[in-house]
Colleague: 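Let me give you the structure first, and then I'll get to my questions.
The chains referred to below are lettered A, B, ... by the order of the sequence lines, with proteins before strands, and numbering in each begins at 1. As a basis for the values below, the full set of heavy atoms in this structure was taken, side chains included, without hydrogen atoms, waters or symmetry mates.
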Number of protein chains: 2
Amino acid sequence: MPVARPFVRGLTDTRALLLTTARDLFLEAGEPGFSLREVARRVGVSPAAVYRHFDGKEALIFAACTQGFEVFSSYLVRALAAPTALERALAACEQYRNFGLENPLDYRFIFMSPAEQVQPPSSQPTEPGSFVNGGAMLPQYSTFQFLVDRIRECMDAGLIARGDTKQTAVLVWAHLHGLVSLRIAGLLEAIGDAPAFAEVYRQSVARLFRGLA
Amino acid sequence: MPVARPFVRGLTDTRALLLTTARDLFLEAGEPGFSLREVARRVGVSPAAVYRHFDGKEALIFAACTQGFEVFSSYLVRALAAPTALERALAACEQYRNFGLENPLDYRFIFMSPAEQVQPPSSQPTEPGSFVNGGAMLPQYSTFQFLVDRIRECMDAGLIARGDTKQTAVLVWAHLHGLVSLRIAGLLEAIGDAPAFAEVYRQSVARLFRGLA
DNA sequence: GTCTATAGGTGGATAGAC
DNA sequence: GTCTATCCACCTATAGAC
């Protein structure tokens, strides 16, 4: 267990470097391809040094990958700046795409890995919905709940038909995830470059929302 | 290079066992976790014996995983038995879900792996759209084209609005993939068991097609 | 065709010097 | 806090006996 660190520390802090490097490697290589030695190599320290900061390989992975969730959160909250319920919902869909395309490795980690691979190492009980399940919990705020709230807002404003908010949110999420994940997997390259994909994405979302009205 | 084999051979044929075992292991563990030794262990032969049948690790993976595409094909073609264009389209969506949920490892391999991981080992040029890209080519028939054909049928019958068939097919595919891949990743367990998910899936597809009408 | 034996590489983790 | 040295497990691939 690492000792408490001083509040102010340099940007080249070894522990921080290990964290970001480990996250990158994990997202590049996946869990089986991940190696503590490679992380140490990239950072420029010996493998043994890692054990000063983390209990081992699994603890390092867990600590490192938590950061991806914070990035996702930082995208979503930007959608709250929009003035109306519909614009906030559409902006959330935009930010969802932005996050996925600008952080494909994080996206794959959060949404395209089998849930078992993304579990906390050992201590915490793997209760469904606690960490990943139920939709990528943020530190304080579920991203899935974020989407549900945007849907509810639209229902309240009469912009989409009333119904089960959670189920409607699942439909919207599946639609966004379908497009983004296929794009990230390289299966939608026929659409063209990023702006072309964004246009198709927007039209697709618009069509979906018309279908929900 | 393996010698040509007699046309009739037993079910316990080592080569066939190696193929299926390798496919299972690859889909379980992914490319980095795949090991030739583990395949040999499961089959009950020595690691060296594998080299009698395949040129090495990569050749074994490529030969083994090709089978996943044939399984996918076998599901899709069942949809052609339906009598009307709309029923064929909806049946195709049903078969898509059946394939994914009944063969989650194959599904992950085909649709949820980064395209680079699923390329032929070395000889064949990695031309876009040749093997995986552009939508999971079948031996003779693109599965994406299969979906395009079902969409076109519906347009011809006046059941959905005319438009770019390919782009509409992408929308439908993204919707199906979104639901199936999230389910496989374990992020939609809140919906309930398999029949409950199937019901949500069907309603979602129905809503999508109403939106396209 | 399959085996054993072996070479040469990766990895995780620990002990002990500094 | 970082290092070197080390141990053991696992891997790919090859050589040569049977």
Colleague: Can you find a pair of side-chain heavy atoms, one from A/Y201 and one from A/V180, that are under 4.5 Å apart?
Modeller: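 Yes, their side chains come closer than 4.5 Å.
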Colleague: In this structure, how many angstroms lie between the C1' atom of D/dG1 and the CG atom of A/L18, rounded?
Modeller: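 Atom CG in A/L18 sits about 12 Å away from atom C1' in D/dG1.
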Colleague: Between atom CG in B/L17 and atom P in C/dG1, what is the gap in whole Å?
Modeller: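 Atom-to-atom, B/L17 to C/dG1, this comes out as 15 Å.
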Colleague: Rounded to the nearest Å, what distance is computed from the CG atom of residue B/L60 to the P atom of nucleotide D/dC11?
Modeller: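 About 14 Å, once rounded to whole Å.
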Colleague: A/S204 side chain to A/V200 main-chain N or O, any donor-acceptor pair under 3.5 Å?
Modeller: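 No: the side chain of A/S204 does not pair with the backbone of A/V200.
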Colleague: Does OP1 or OP2 of C/dT2 have a side-chain N or O of B/T14 closer than 4.0 Å?
Modeller: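 Yes, such a contact exists.
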Colleague: Less than 6.0 angstrom separating the ring centers of A/Y107 and A/Y75, yes or no?
Modeller: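 No, they do not, as the ring centres are separated by 6.0 Å or more.
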Colleague: Using whole Å, report how far NE2 of B/H53 lies from P of D/dA13.
Modeller: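 Nearest whole value for this atom pair: 16 Å.
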Colleague: Using the ring centroid of each side chain, check whether B/Y96 and B/F111 are separated by less than 6.0 Å.
Modeller: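 When the ring centroids of B/Y96 and B/F111 are compared, they turn out to be within the sub-6.0 Å range.
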Colleague: Rounded to the nearest angstrom, tell me the gap between atom CG in A/D13 and atom P in D/dT2.
Modeller: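 It works out to 9 Å between those atoms.
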Colleague: Are the side chains of B/V205 and B/L176 in contact, using a 4.5 Å heavy-atom criterion?
Modeller: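 Yes, close enough: below the 4.5 Å cut-off.
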Colleague: Going by the side-chain contact (heavy atoms from CB on, under 4.5 Å) test, name the single residue among B/T21, B/T14, B/T20 that passes it with B/L18.
Modeller: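 When B/T21, B/T14, B/T20 are each tested with B/L18, the side-chain contact (heavy atoms from CB on, under 4.5 Å) holds only for B/T14.
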Colleague: So, does B/S46 get its side chain near the phosphate of C/dC3, meaning an N or O under 4.0 Å from OP1 or OP2?
Modeller: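 Affirmative; the distance criterion is met.
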Colleague: Using atom names, set out every protein N or O paired with an N or O of nucleotides 11-14 of chain C below 3.5 Å, distance rounded to 0.1 Å.
Modeller:
{"unit_1": "C/dG11", "atom_1": "OP1", "unit_2": "A/S35", "atom_2": "OG", "d": "3.3"}
{"unit_1": "C/dG11", "atom_1": "OP1", "unit_2": "A/R41", "atom_2": "NH2", "d": "3.2"}
{"unit_1": "C/dG11", "atom_1": "OP2", "unit_2": "A/R41", "atom_2": "NH2", "d": "3.1"}
{"unit_1": "C/dG12", "atom_1": "OP1", "unit_2": "A/L36", "atom_2": "N", "d": "2.6"}
{"unit_1": "C/dG12", "atom_1": "OP2", "unit_2": "A/L36", "atom_2": "N", "d": "3.1"}
{"unit_1": "C/dG12", "atom_1": "OP2", "unit_2": "A/R37", "atom_2": "N", "d": "2.9"}
{"unit_1": "C/dG12", "atom_1": "N7", "unit_2": "A/R37", "atom_2": "NH1", "d": "2.4"}
{"unit_1": "C/dG12", "atom_1": "O6", "unit_2": "A/R37", "atom_2": "NH1", "d": "3.0"}
{"unit_1": "C/dA13", "atom_1": "OP2", "unit_2": "A/Y51", "atom_2": "OH", "d": "2.7"}
{"unit_1": "C/dA13", "atom_1": "OP2", "unit_2": "A/K57", "atom_2": "N", "d": "3.3"}
{"unit_1": "C/dA13", "atom_1": "O5'", "unit_2": "A/Y51", "atom_2": "OH", "d": "3.1"}

Colleague: What about B/F146 and B/F72, are their ring centers closer than 6.0 Å?
Modeller: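 No, the ring centres sit 6.0 Å or more apart.
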Colleague: Contact between B/D149 and B/Q145 at the side-chain level, heavy atoms closer than 4.5 Å - yes or no?
Modeller: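 Result yes, sub-4.5 Å side-chain heavy-atom pair found.
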Colleague: Under a 3.5 Å cut-off on both pairing distances, which runs of 3 or more consecutive Watson-Crick or G-U pairs involve DNA chain C?
Modeller: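 So the stems come out as C:1-18 with D:1-18.
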